[in-house]
Amino acid sequence: MLAATALADAPMAGLIDRHRAATTGLTKEIFAVSDRLGVTLEAFDAFDPRPLRPGTDPAERDAAFDRLTSWLRTQTKDRSGIWRDLAVGHRPVEVTTHYTDVFDHAAREGLPTTLLRTVMDGLLELEGSPHKMSESRLEELDRLAEPAIPGHLPEAEQAEAVRRWLDEHREEMTADLTAYTSQGSASDDPDELDACLGWLRDWLDRRLGTPRAEEILDRASAGDILVRRYPARDATAADTRPVLLLGHYDTVWPTGTLDNRPFRRDGDHISGPGVFDMKAGLVQAVWALRALDALDLPRPACTLMLNGDEETGSLGSREAVVAESRDSRLAMVFEAAADGALKTARKGVGLFTVTVTGEEAHAGLDPTAGASAVDELAHQILRLADLRDADAGTSLNVGVVEGGTRSNVTAGRAVGHIDVRVASAAERKRITEALAALRPVGPRTRVEVGGNWNRPVFERTEQVAAYAELARRCAALLGEDLRETSVGGASDGNFVVAAGTPVLDGIGAVGSGAHARSENTSVSGMVARSALTATVLTSLAG
């Protein structure tokens with residue numbers, strides 16, 4: 001913040017006070033890097049970084065600015081040492097080298113440092129040319145810190161025409177969901193996944209016509225990945241990169257579920273395996289494109305990408321998803337909504353195992369000869385429970401435990417399977433270190449930790465916030481109040497955000513019961529969400 005004030009020839013207090021957007025944006029970039037590294041930013045003098053953390057109450061943040069600027073006004077030196085190096089000493093500044101590590105870490109983690117680089121580049125430009133100092137440089141930082149809402153909203157009449165057209169085709173949409181749900185697609189059944197993907201290709205041909213290009217990425221140990229590319233129509237947006245329409249066609253429901261629990265409709269209510277997570281989402285996306293075509297409304301280039309292993313961690317598709325997202329303007333992830341809300345932040349997920357090795361013996365004849373792996377695992381589970389931190393958003397669940405061979409044999413081996421969810425990079429670092437530090441309680445047992453982090457933390461970046469605001473405004477055109485929320489579940493959107501591409505997640509089905517027998521959505525919800533998707537897409541074309 002003090003470095004930024006050296007871009008202008010004016011007192012620090014006034015510059016920080018007038019350009020709170022710029023200084024807030026700078027601290028956000030630093031917080032992103034420090035959080036990813038697990039580094040705690042400390043307060044000094046009248047500066048307290050905690051109220052400047054992203055997501056803090058704006059009133060609390062403004063109060064911190066007031067305290068800081070009031071204190072700065074009491075200081076005899078009203079300009080920074082960096083300013084004096086440039087304006088008085090006419091010598092190079094050192095601060096540009098101080099941030100080398102920050103830039104290096106940010107590059108490795110895929111984190112943006114747009115404002116910080118602008119400050120450092122400006123200081124380098126001012127070396128030897130202090131007469132170029134200007135408050136306009138901070139005004140430019142303000143603009144960078146508060147990016148404009150992307151896209152160009154359509155007229156209210158156009159949005160209403162989209163909604164009305166989709167409402168007129170609600171029965172066809174429902175028929176498509178009926179047929180799609182009737183295709184089994186268990187994540188662990190390659191034959192079902194292959195048959196479902198074949199059905200999807202035929203259905204997409206019938207609904208959207210022949211794509212400009214199609215790719216099928218074979219996966220030996222998972223469902224294949226389908227990529228279809230559709231050209232823009234009447235688009236005038238300066239950003240011509242495609243919008244990635246991302247989804248998965250696998251479900252958690254085992255083969256044979258449809259025999260006992262098929263698709264059902266009761267008026268507006270729809271139930272069946274996969275309707276909420278996430279078959280209705282794909283139907284909505286396809287019909288949004290159909291609506292734009294039917295009404296001759298512009299749309300951006302769109303890439304439809306469907307993978308068949310999302311429910312098992314996207315181990316075979318992650319790299320392809322990330323690679324595709326890097327060439328995309330935005331990823332719209334058609335995972336189900338959270339009680340109707342967009343998902344603008346998700347927790348990172350870790351999948352680990354704790355394996356204990358003991359010594360077998362006859363539990364009755366010689367009860368002290370063995371060393372029980374089950375007993376040791378019980379001790380470790382209690383230690384793991386202590387790692388939970390609800391205030392920090394960290395959950396840890398030992399969901400499956402297995403061990404031993406017979407009740408009269410001291411167990412020689414036991415395994416606990418762990419699911420960890422974290423809301424920040426700092427918590428991820430803490431859990432990683434704690435798992436690595438696990439040591440046995442019993443002297444004759446051995447403890448090993450396996451597994452890894454499956455999905456990174458999905459952070460609500462400035463770009464994510466900007467696209468969420470666009471979606472909110474589009475929803476308002478349709479007479480709806482669109483909310484956003486943070487959730488514990490993860491999606492492929494986690495990978496995409498971490499790679500630097502903004503995401504609109506949870507724009508799929510409205511309903512409830514993901515992974516439960518109560519899974520459901522509604523016809524009216526399909527119409528509403530399809531209309532929202534279409535309105536967002538046409539706004540991105542202009």
Side-chain angles (χ1 to χ4, degrees), residues 1-37 39-49 52-54 61 64-65 67-148 461-463 500:
M1 291 165 64
L2 297 183
T5 66
L7 297 173
D9 187 8
M12 295 180 291
L15 291 171
I16 291 174
D17 203 9
R18 291 192 295 275
H19 300 285
R20 296 187 179 196
T23 47
T24 298
L26 281 166
T27 58
K28 285 182 179 179
E29 290 185 353
I30 299 297
F31 261 120
V33 176
S34 64
D35 284 351
R36 189 66 60 88
L37 297 175
V39 173
T40 301
L41 302 186
E42 298 287 355
F44 65 93
D45 292 333
F47 173 70
D48 185 354
L52 302 178
R53 177 178 288 280
R61 184 174 64 240
F65 271 118
R67 289 191 297 272
L68 175 62
T69 54
S70 295
W71 180 81
L72 286 172
R73 288 188 175 96
T74 68
Q75 303 303 296
T76 55
K77 294 181 178 180
D78 65 359
R79 288 166 171 79
S80 70
I82 303 166
W83 176 89
R84 286 191 294 275
D85 283 344
L86 294 171
V88 181
H90 299 284
R91 56 177 175 259
V93 295
E94 297 178 346
V95 68
T96 52
T97 62
H98 294 168
Y99 284 93
T100 300
D101 283 348
V102 176
F103 288 130
D104 289 345
H105 287 306
R108 281 194 293 271
E109 299 291 340
L111 298 171
T113 51
T114 305
L115 274 73
L116 188 60
R117 286 193 179 278
T118 302
V119 171
M120 297 304 139
D121 290 345
L123 294 176
L124 290 172
E125 183 184 347
L126 294 174
E127 290 181 351
S129 303
H131 63 280
K132 293 183 179 180
M133 289 180 175
S134 171
E135 193 164 346
S136 64
R137 293 178 181 271
L138 281 93
E139 292 168 355
E140 175 60 22
L141 288 176
D142 285 334
R143 288 190 288 273
L144 291 173
E146 295 184 333
T461 65
E462 293 290 342
Q463 286 183 307

Can you name the side-chain contact (heavy atoms from CB on, under 4.5 Å) partners of E125, sequence neighbours left out?
K132, R137

Could you tell me whether the side chain of M1 reaches within less than 4.5 Å of the side chain of L52, counting heavy atoms only?
yes

Between CG of L26 and OG1 of T113, what distance do you get to the nearest 0.5 Å?
10.5 Å

Side chains of E127 and L124: does their closest heavy-atom pair fall under 4.5 Å?
yes

Do Y99 and V119 have side chains that get closer than 4.5 Å, going by heavy atoms?
no

Could you tell me which residues satisfy side chain to side chain donor-acceptor pair (under 3.5 Å) with R84, sequence neighbours excluded, listed by chain and number?
none

Those residues that, when tested against E139, pass side chain to side chain donor-acceptor pair (under 3.5 Å) (two or more places apart):
none

Partner set under ring-ring contact (aromatic ring centres under 6.0 Å, His included) for F103, not counting sequence neighbours
none

Those residues that, when tested against D121, pass side chain to side chain donor-acceptor pair (under 3.5 Å) (two or more places apart)
none

Restricting to non-hydrogen atoms, name the atom on R73 and the atom on D17 that form the minimum distance, rounded to 0.1 Å.
NH2-OD2, 3.3 Å

What's the spacing between R20 CZ and L68 CG if we round to 0.5 Å?
9.0 Å

Treating T74 as the side-chain partner and W71 as the backbone partner, does any N or O pair qualify as donor plus acceptor under 3.5 Å?
yes

From CD (E29) to CG (L144), nearest 0.5 Å
9.0 Å

Taken to the nearest 0.5 Å, the spacing of L115 CG from L141 CG works out to 5.5 Å

For D48, what residues pass the salt bridge (Lys or Arg N to Asp or Glu O under 4.0 Å) criterion, not counting sequence neighbours?
R50

Residue pairs fulfilling salt bridge (Lys or Arg N to Asp or Glu O under 4.0 Å) with at least one residue in residues 86-96, sequence neighbours excluded:
D85-R91

For the side chain of T24 and the backbone of A21, is there at least one donor-acceptor N/O pair under 3.5 Å apart?
no

side-chain contact (heavy atoms from CB on, under 4.5 Å) partners for T461, two or more places apart
Q463, V464, V497

Among residues at least two apart in sequence or on other chains, which ones pass side-chain contact (heavy atoms from CB on, under 4.5 Å) with L41?
I30, F31, S34, P49

Give me the atom names and distance for the closest heavy-atom approach of A3 to L123.
O-CD2, 3.9 Å

Could you state the interatomic distance from CG (L86) to NE2 (H131), rounded to the nearest 0.5 Å?
12.5 Å

Please tabulate, for the side chains in residues 4-14, all donor-acceptor contacts under 3.5 angstrom to protein atoms that are two or more places apart in sequence or on a different chain.
unit_1	atom_1	unit_2	atom_2	d
T5	OG1	L2	O	2.6
D9	OD1	R79	NE	3.2
D9	OD1	R79	NH2	3.4
D9	OD1	W83	NE1	3.4

Those residues at least two apart in sequence (or on a different chain) that pass side chain to side chain donor-acceptor pair (under 3.5 Å) with S136 are S134

For the atom pair CG (D45) and CG (L72), what is the distance rounded to the nearest 0.5 Å?
9.0 Å

For R18, what residues pass the salt bridge (Lys or Arg N to Asp or Glu O under 4.0 Å) criterion, not counting sequence neighbours?
E135

